[in-house]
Amino acid sequence: MPFAQIDGIKTRYEVNGDGPPLLMLAPSAFDASMSRWRLNDVWKDLQPLDTLAGNLRVIAYDRRESGESGGRIESLTWGAYARHAAALLDHLKFKDAFLLGACMGCSVALATAAHFPQRCRGLLLHWPVGGFRWMNKGRSNFDRHLAFARANGLAGVVERARKSKLFWGDPEAGPWSCVIGSDAAFAEQYVRQDLNRYLEIVTQSRDNLFNDTMPSGASGEQLMALSVPTFVMSGDDASHATSCAHALRELIPQVKLSPLMPPQQNAATVRDWILQSTGIAGTAAS
């Protein structure tokens with residue numbers, strides 16, 4: 001699979017199939033590698049990177065700080081994730097694309113539509129994240145990392161990160177754990193930082209990404225101003241609150257909320273929803 005410098009960050013990606021371009025924004029919170037499309041929930045049965053390539057030009061990538069992609073030590077924002085996604089489309093010379101987000105990938109899709117609406121043909125949001133429990137989990141995970149870094153120093157973080165390489169599964173390892181575990185030069189640079197300045201960056205990142213109970217990725221004002229056709233399929237658990245999907249239905253002007261809840265969501269129904277929403281088969285999903 002190829003790599004490219006995207007927004008100054010080494011990025012692993014793949015492109016398969018023919019048809020309208022579909023940019024895949026991976027699930028699994030901060031551990032959003034392409035592999036999650038083959039391993040997580042309904043995607044394990046659907047295998048979308050393969051099956052959708054028969055109808056769409058499927059573009060998948062390891063989000064920055066995930067999988068085999070690199071990262072940059074800076075204050076993390078939804079706008080930064082959106083800029084990375086848009087820069088990948090630039091690199092591949094796609095003027096625009098449909099965006100399929102799952103889990104926190106929905107937040108990146110919403111941020112991309114808010115900051116770069118001209119790059120989005122439509123948004124397909126499967127199990128968008130948001131709500132009080134999602135906000136608390138995000139803030140708690142960042143706080144656990146802050147406490148660990150204060151107690152053990154950056155050398156201790158590097159040791160922990162090299163063992164786990166996962167932030168959401170091991171919050172003490174921090175949001176750059178995957179890059180630390182796979183890139184020795186990055187780890188060397190990381191450990192030489194000023195600890196206090198680093199703690200400020202992590203605190204800013206926490207407050208940028210988890211500052212309210214709204215659907216993550218865009219503010220209420222940004223959602224109300226979206227001019228991008230949007231299709232939502234709700235989750236129903238602590239991180240993927242049904243209320244989050246309904247908030248998107250209430251705020252986005254051109255939105256259709258699927259009536260299918262998780263018990264009715266399977267490889268066949270989710271595939272049909274994707275193909276209908278992109279206009280490949282039948283009418284747009286309701």
Side-chain angles (χ1 to χ4, degrees), residues 1 3-13 25-36 39-40 61-85 87-88 103-105 107-108 111 129 134-211 216 239:
M1 294 180 187
F3 288 84
Q5 289 295 119
I6 307 296
D7 191 32
I9 293 171
K10 183 186 79 170
T11 304
R12 178 176 175 254
Y13 70 92
L25 304 167
S28 204
F30 286 82
D31 307 322
S33 66
M34 286 185 281
S35 65
R36 298 300 179 176
L39 300 173
N40 282 35
Y61 70 109
D62 291 348
R63 195 168 66 222
R64 55 173 292 176
E65 284 92 30
S66 299
E68 294 183 38
S69 288
R72 185 164 53 233
I73 301 164
E74 62 186 359
S75 180
L76 299 173
T77 67
W78 296 117
Y81 290 123
R83 187 172 62 246
H84 187 229
L88 177 60
C103 184
M104 202 174 102
S107 306
V108 181
V129 291
W134 165 255
M135 180 189 72
N136 270 2
K137 181 175 182 178
R139 294 187 69 84
S140 173
N141 283 356
F142 273 87
D143 287 343
R144 285 171 60 179
H145 174 60
L146 286 165
F148 185 86
R150 289 190 188 101
N152 298 275
L154 295 177
V157 173
V158 168
E159 182 180 359
R160 179 75 173 243
R162 282 175 169 160
K163 292 177 181 177
S164 74
K165 298 185 182 181
L166 295 175
F167 175 39
W168 221 235
D170 181 19
E172 282 75 11
W176 289 275
S177 56
C178 189
V179 194
I180 291 169
S182 61
D183 186 335
F186 181 93
E188 183 178 346
Q189 177 190 16
Y190 178 96
V191 81
R192 292 202 305 263
Q193 296 176 93
D194 176 77
L195 175 60
N196 289 329
R197 176 58 185 147
Y198 174 75
L199 296 175
E200 290 177 3
I201 290 171
V202 175
T203 301
Q204 290 168 0
S205 299
R206 178 200 66 193
D207 295 343
N208 290 337
L209 300 174
F210 297 97
N211 56 6
S216 293
S239 294

Show your working on side chain to side chain contact (heavy atoms under 4.5 Å, CB included) between F186 and V158 and close with a plain yes or no. CA-CA 10 Å; F186 181 93; V158 168; over 6 Å; no
How many angstroms lie between atom [atom1] of [X] and atom [atom2] of [Y], to the nearest 0.5 angstrom?
X: E159; Y: I180; atom1: CD; atom2: CD1; answer: 12.0 Å
X: E172; Y: F148; atom1: CD; atom2: CZ; answer: 7.0 Å
X: N208; Y: T203; atom1: CG; atom2: OG1; answer: 10.5 Å
X: R206; Y: N141; atom1: CZ; atom2: CG; answer: 12.0 Å
X: M104; Y: W78; atom1: CE; atom2: CH2; answer: 4.0 Å
X: S182; Y: R162; atom1: OG; atom2: CZ; answer: 10.5 Å

Measure the acute angle between the ring planes of [X] and [Y], then classify it against the limits of 30° and 60° as parallel, tilted or perpendicular.
X: Y61; Y: H84; answer: perpendicular
X: F210; Y: F30; answer: tilted
X: W134; Y: W168; answer: tilted

Results of salt bridge (Lys or Arg N to Asp or Glu O under 4.0 Å) for [X] - residues two or more places apart only:
X: R12; answer: D62, E68
X: R150; answer: none
X: R63; answer: none

Give the C-alpha distance, both sets of side-chain angles, the deciding distance and a yes or no for side chain to side chain contact (heavy atoms under 4.5 Å, CB included) between L25 and Y81. CA-CA 10 Å; L25 304 167; Y81 290 123; over 6 Å; no
Return each pair, listed once, that meets salt bridge (Lys or Arg N to Asp or Glu O under 4.0 Å) where at least one residue sits in [range]; pairs must be two or more places apart or across chains.
range: residues 71-82; value: D7-R72, R64-E74, R72-E74
range: residues 26-36; value: none
range: residues 182-191; value: E188-R192

Do F142 and P175 have side chains that approach each other closer than 4.5 Å (heavy atoms only, starting at C-beta)? yes
Are side-chain heavy atoms of V157 and Y190 found at a separation under 4.5 Å?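 Answer yes - side chains close enough.
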Quick one: does any side-chain atom of S205 pair with a main-chain N or O of L76 as donor and acceptor, under 3.5 Å?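 Indeed, once roles are kept as given, a pair shorter than 3.5 Å links the two residues.
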Run D143 and L146 through side chain to side chain contact (heavy atoms under 4.5 Å, CB included) and show every step you take. CA-CA 5 Å; D143 287 343; L146 286 165; 3.8 Å; yes
Could you report the tightest heavy-atom contact between [X] and [Y], atom names first, then the distance?
X: S216; Y: S107; answer: O-OG, 3.0 Å
X: A26; Y: A32; answer: O-CB, 3.7 Å
X: C178; Y: G67; answer: SG-O, 3.0 Å

Taking NZ, NE, NH1 and NH2 as the nitrogens, is one of them in R139 or D207 under 4.0 Å from a carboxylate oxygen of the other?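 Between D207 and R139 there is a salt bridge, with a charged N closer than 4.0 Å to a carboxylate O.
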Applying the side chain to side chain donor-acceptor pair (under 3.5 Å) criterion to D170, which one of K165, R160, K163 satisfies it? R160
